[in-house]
Undergrad: 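This is the structure I have questions about; it appears just below.
Predicted model only: the values in this text are computed from it and were never measured. Counting convention: from 1, in listed order, for ligands and their atoms alike. Reckoned from all heavy atoms, side chains included, excluding hydrogens, waters and symmetry mates.
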Amino acid sequence: MANPVSLAIDDGIAVITVDSPPVNAISVAMRRGLSAALSLLADGPVPRGVVLLCAGRTFMAGADISEFDSVLVPPDLRQVLWEFESLACPTVVVLHGTALGGGVEVALAAHYRIAERHTKIGFPEITLGIVPGAVGTQRLPRLIGAEAALGLLLDGKPVSAEQALALGLVDALVDGDLRAAGIAFMQDLLAAGKGPRRTRDGVVEPLSEAQIGVLRSKSARQHRGVITAELDIQAVRAAWELPFEQGAAVERVLSEGSLLSPESKALRHLFFAERAVSPVPAMGPSAVARRVGRIGIIGSGTMGGGIAMAFANAGIAVVLLDVDQAALDRGLAMVRKNYALSVKRGRLTALAVEQRMALISPTTQYADLAQVDLVIEAVFENLALKQQIFVQLDQVCRPGAVLATNTSTLDINLIAAVTGRPQDVIGLHFFSPANVMRLLEIVRTDTTADDVVATAFELAKRIGKIGVLSRVCFGFIGNRMMDPYAREAERLVLEGASPAQVDGALEAFGMAMGILAVFDLAGIDVGVKVRQANPQQNSPDPTFYRCDAVLYEQGWLGQKTGKGYYRYDAGSRERGVHAEAENLMAAEAARLGVAQRTNITEREITERCLFAMINEGARILEEGIARCPGDIDVVYTSGYGFARWRGGPMFWADQVGLDTVLAGIEKYGRQASPADWEPAPLLVRLVSEGSTFTAWQASRHG
Ligand code: T1G
């Protein structure tokens, strides 16, 4: 293991440089290197001062997360930092890039801190379900006060260098050569006769319960269902209730416990799954992204308008095409209205809105798409119409332009086939509202070229989205797995559960919104029309989506009509009981011979919905629609409101045990609708091998 830490003496000042690309994560090698450097300094002649900085694009971005699953190898960072803080000469840390988590804890143990002007500084541990573990919860409140400290820990987002300066987290901002700036700062300290200034010697003013309450409720809104916030509060409380070393011992227990929690395992799984979504590195030299300067969008409805905003927000020019001026005017008015809302909420300035609107050029002429580098078709779901559009695109777009469709159900192979350049055709499935939702399904056809896939992934990153690769099938990854999940939710209503009971169980599990409430929000007609247009996808079971059908027949289309699974007062999104609908659905159950039960439990609801979803996930994996279980988890947590602290459906299935999932599938299949409960062959096989989705994935790559 190469030593990433080097030590040099410059004019009597010791300079410790850490160099461990890509992000200087604090690994065992780094802890060893730091410890060795500190021993040299402690044992040898005392330098006048110590400067610590990092090479590369950033200061330490925290502890090495990949080491968290194994027993931590000594030396312990806490001990290293104790020694660092104990040095007899003054010490300064120079921050740059993204100084995060354990990296900031290193800085807190220095006597002084300076930061390059563009540095971001923060504690993202809460997003990983971890309490900081290198005594940050004790030093930070001593440095900046308990309220500001808890604010940073519970928020999880980094602050700017200027904010850090205002908080007293850093002492000065610097520019240019970091090493020179560190040495200059140290020389000024020495000239002014300043010596060591140990954070651990500070005192902490206690917070009132009311102050804690405010921080707690803010965090609860931000990190729903996550227990780490409460643990952070306990740790910081120890900072004012106990002496430093005892407080550090409290933090240690809380931090080590948090590492073992299911919540943290799930969040760490997602950290790596989100960084592994791109298939491009494995594709080799054929996958160099094409250059994309300007893009075209066809259709200025809700979807097209939202997509246009997503690009304009990233500073990318858009040509927005619709059939006539009236449609364009409506579309642009909607975009403007959405931006106005952001201005009202203080998220955007009026000037920024004008700059973004100026990036969107409306047109009714296909000829105006001649010079764009990528086009996204976002008209309504009709194969013939989309094919006709692609024929036109083939005629007007320049050679090498990427031609994308935002379809959510259609066979993109059939769209690609009408062009003379099927290798340039790809699916870019955005989620509504497209300017907000993070997920982008990138759908590769049988003929899409590698560099077109690479272009899509690069573009996703540029507009702040997380791209996940899917192959072509009905509904791709997300909607295809959603279908059996929703099928069970609404079948449970047919069997006697109330919509509130079904949604309540799903929300208690951790879904952002119960699926029946989602249907009301999206419009009951949307799903009904998709099923009417694709009868081959429907289950032969007579109870299949009958509740939706009942609502549709009555014209109860959800929020837009004030009635659906729930009843809504005018202008309100609050769900009320829609007794009339529940009665009609009970009558439908009677007609179908489905006995309504009063003994449906929360457990049955979550198991039926989630096990059905996981079963479909197993099929999707086996068919190669999704590359890996982690990709499915990213789709669900970033596009479908699946609780991050559950890790996504496939990770959750592994935690529950695939044998339990399979036993449930078999049990519910015996209970009713056996045609819909056929276990996926992959699931059966993994259970027979005592395996998991994670192990299956590892075996394919190991
Ligand atoms: N550990 C291990 N690997 C990491 C890592 C980390 N902390 N941070 C990044 N990587 C890898 C990442 O997997 C990817 O690898 C590559 O670096 C580039 O990352 C003791 C308990 C720093 C803002 O949570 O937020 O400190 O895919 O693609 O967009 O109390 O990475 O190339 O193989 O994301 O420029 C707290 C997590 C840890 C920071 C850079 N720290 N990292 O973003 O690049 S807990 C974090 C980030 C802790 C202490 C506790 C971002 C970034 P590969 P990237 P990027």
Side-chain angles (χ1 to χ4, degrees), residues 4 18 20-31 34 54 56-70 72-73 75-82 95-109 118-140 149 152-153 155-160 223 228 231-232 235-236 248 251-261 263-265 267-282 438 457-458 460-462 464-467 628 630 634 644 701:
V18 170
S20 180
V23 297
N24 287 309
I26 308 165
S27 59
V28 58
M30 191 185 293
R31 295 196 301 276
L34 284 172
C54 288
R57 70 192 218 216
T58 179
F59 190 76
M60 304 164 199
D64 187 335
I65 304 171
S66 61
E67 289 181 0
F68 288 177
D69 282 332
S70 38
L72 219 60
V73 179
D76 188 325
L77 185 58
R78 303 171 183 97
Q79 182 57 32
V80 175
L81 296 186
W82 178 269
L95 303 174
H96 77 289
T98 42
L100 300 173
V104 190
E105 291 177 296
V106 170
L108 290 173
H118 302 98
T119 314
K120 297 245 182 265
I121 303 170
F123 288 87
E125 282 92 334
I126 192 165
T127 64
L128 296 166
I130 308 172
V131 173
V135 207
T137 64
Q138 307 305 300
R139 286 198 179 92
L140 188 64
L152 285 184
L153 295 172
D155 183 83
K157 284 201 285 296
V159 293
S160 66
H223 307 281
T228 315
L231 305 178
D232 281 338
V236 172
E251 181 203 88
R252 181 181 193 132
V253 171
L254 291 168
S255 180
E256 289 180 354
S258 69
L259 269 177
L260 300 174
S261 68
E263 166 177 315
S264 175
K265 285 187 185 151
L267 291 167
R268 272 144 48 204
H269 158 69
L270 285 175
F271 177 84
F272 288 112
E274 286 180 357
R275 281 163 181 77
V277 285
S278 176
V280 178
R438 223 174 130 228
F457 272 89
E458 190 173 287
K461 211 165 180 179
R462 268 172 77 193
K465 308 240 177 266
I466 183 151
C628 61
V634 173
R644 289 183 65 80
H701 288 268

Undergrad: Sequence neighbours left out, what passes side chain to side chain contact (heavy atoms under 4.5 Å, CB included) with Arg438? Give chain and number order.
TA: Glu274, Ile466, Ser638, Arg644
Undergrad: Has the side chain of Glu105 got a donor or acceptor atom that lies under 3.5 Å from a matching backbone atom of Leu140?
TA: no
Undergrad: Between side-chain atoms of residues 95-103 and protein atoms elsewhere (two or more places apart, or another chain), which donor-acceptor pairs fall under 3.5 Å?
TA:
from, atom 1, to, atom 2, distance (Å)
His96, NE2, Gly56, O, 2.8
His96, NE2, Thr58, N, 3.3
Thr98, OG1, Thr58, OG1, 3.2

Undergrad: Whether the Glu125 and Thr228 side chains hold a donor-acceptor pair (N or O, under 3.5 Å, no angle test) is what I'd like checked.
TA: no
Undergrad: Under the salt bridge (Lys or Arg N to Asp or Glu O under 4.0 Å) rule, collect the residues that match up with Glu256, sequence neighbours excluded.
TA: Arg78, Arg252
Undergrad: Quick check with a 6.0 Å cut-off and a 45 degree axis cone: is Arg275 positioned over the face of Phe271's six-membered ring?
TA: yes
Undergrad: For ligand 1, list all ligand N or O to protein N or O distances below 3.5 Å, rounded to 0.1 Å.
TA:
from, atom 1, to, atom 2, distance (Å)
ligand 1, 1 (N), Ala63, O, 3.4
ligand 1, 1 (N), Ile65, N, 2.9
ligand 1, 7 (N), Ala63, O, 2.9
ligand 1, 26 (O), Ala63, N, 2.8
ligand 1, 26 (O), Gly102, N, 2.8
ligand 1, 30 (O), Glu105, OE1, 2.6
ligand 1, 30 (O), Glu125, OE2, 3.2
ligand 1, 30 (O), Gly133, N, 2.8
ligand 1, 34 (O), Arg275, NE, 2.6
ligand 1, 34 (O), Arg275, NH2, 3.4
ligand 1, 35 (O), Arg57, NH2, 2.7
ligand 1, 41 (N), Ala61, O, 2.9
ligand 1, 44 (O), Arg57, NH2, 3.0

